[in-house]
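Just so you know, these numbers use all the heavy atoms, side chains as well, and skip hydrogens, waters and symmetry mates.
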Amino acid sequence: MEPHRDEPVIISRGLHKAYGSVVALDHLDLEVPPGAIGLLGPNGAGKSTLIKLLLGLIRPTQGEASVLGFDIARDGIQIRQRTGYMPESDCLPGDVTAADFVGHMAQMSGLPARAARLRAAEVLYHCGVDEERYRLIREFSTGMKQRVKLAQAIVHDPDLVFLDEPTNGMDPQGRDEMLELINRIHREVGITVVLSSHLLDDVERVCDYVLLIAQGRLVQHGPVRELIAGAGDILVEVDGDAARFREALIARGATVTASDGMLAVKHTDDLVFDLIRDTAADLDVALRGLRVQSRSLEDVYVQQVLAANGGSDGVERAG
């Protein structure tokens with residue numbers, strides 16, 4: 001049942017969830033590799049619904065899916081034994097200490113009482129909750145509560161952990177520390193991380209593979225480096241009549257706009273470089289500069305999601 005290291009950790013076929021007439025997820029087909037996975041989309045896109053389906057906490061209206069080789073409809077207990085979940089909501093009990101709560105969660109995962117206490121202390125320390133672990137959770141700041149939620153999600157050493165908006169409500173320093181902690185969980189411990197967020201910067205800083213969701217539909221997916229590589233505009237600077245050169249490119253089928261005193265030629269494929277060269281030669285125009293403009297994950301997201309979301313990308317940029 002367990003997938004090999006290079007096999008997908010999540011597979012879905014036609015995964016669909018509706019609440020009456022409201023469609024939360026619209027027939028998702030996924031194959032998600034191991035790694036640091038970004039689940040990116042605006043609030044209400046269906047990210048939390050997808051996580052709950054994959055954990056076997058709710059049942060799909062249609063379709064099927066597996067997590068770590070286990071079927072979400074039949075093997076919910078096995079899935080939850082092998083995965084961790086950090087929920088977005090503030091769901092921690094206030095009248096117990098962090099040590100007692102995380103130790104209890106370790107026992108719930110099958111560890112004996114003494115081993116659970118030791119494991120809880122170790123994980124809380126690595127999550128930045130050291131002596132504070134003996135304080136009542138209701139006395140914690142939002143950032144400290146987020147750390148405790150992360151600790152309980154990984155205390156049983158899962159193969160896969162779902163993190164739902166892990167930096168929600170945190171100040172900039174706390175947010176940076178949380179993202180660094182998530183990086184270590186994946187890079188050093190080897191746990192596959194699914195980071196669900198509406199913050200582009202969080203996903204860019206942590207993840208190497210992205211699922212873009214809008215209106216309950218998968219609009220783009222793939223390795224981040226492939227999504228942003230070689231797809232930006234080609235910036236061209238000419239020594240001569242730029243307007244004439246632009247008109248000639250357009251006449252030959254190129255899409256060209258002006259950009260900061262240069263011409264921005266849409267990079268549809270690599271043949272466009274031959275088109276620029278041949279046009280310059282035919283017009284006897286010297287090319288002073290030619291470079292591919294880099295594309296960010298935000299550019300990819302806006303391009304794919306803007307139309308699906310009615311003209312608003314719905315994603316926050318952390319400043």
Test item: Ser12 side-chain N/O and Leu28 main-chain N/O as donor-acceptor pair under 3.5 Å
yes
Do the side chains of Glu122 and Arg119 get close enough for a salt bridge, i.e. N-O under 4.0 angstrom?
yes
Non-hydrogen side-chain atoms of Arg205 and Asn183 separated by less than 4.5 Å
no
If you define the side chain from C-beta out and look only at heavy atoms, does anything of Asp130 sit under 4.5 Å from Glu132?
yes
Give, for atom CG of Asp202 and atom CG of Leu179, the distance between the pair rounded to the nearest 0.5 Å.
4.5 Å
Side chains of Met144 and Glu139: closer than 4.5 Å at any heavy-atom pair?
no
I want to check something: taking the side chain as every heavy atom from C-beta on, are His16 and Val23 in contact at a cut-off of under 4.5 Å?
yes
Going by heavy atoms in the side chains, are Glu31 and Arg13 under 4.5 Å from each other?
yes
For His198, does its backbone N or O pair with a side-chain atom of Glu165 as donor and acceptor, under 3.5 Å?
yes
Asp95/Arg138 ion pair, N-O < 4.0 Å:
yes
Any donor-acceptor pair under 3.5 Å from Lys47 side chain to Pro42 backbone
yes
Is Val236 close to Phe245 at the side-chain level, that is, under 4.5 Å between some pair of heavy atoms?
yes
Between Tyr209 and His221, is any pair of side-chain heavy atoms under 4.5 Å apart?
yes
Within the 4.5 Å heavy-atom criterion, are Val96 and His104 side-chain neighbours or not?
no
Basic-acidic side-chain contact under 4.0 Å: Arg82, Asp75:
no
Is it true that a side-chain atom of Gln152 and a backbone atom of Lys149 form a donor plus acceptor pair closer than 3.5 Å?
yes
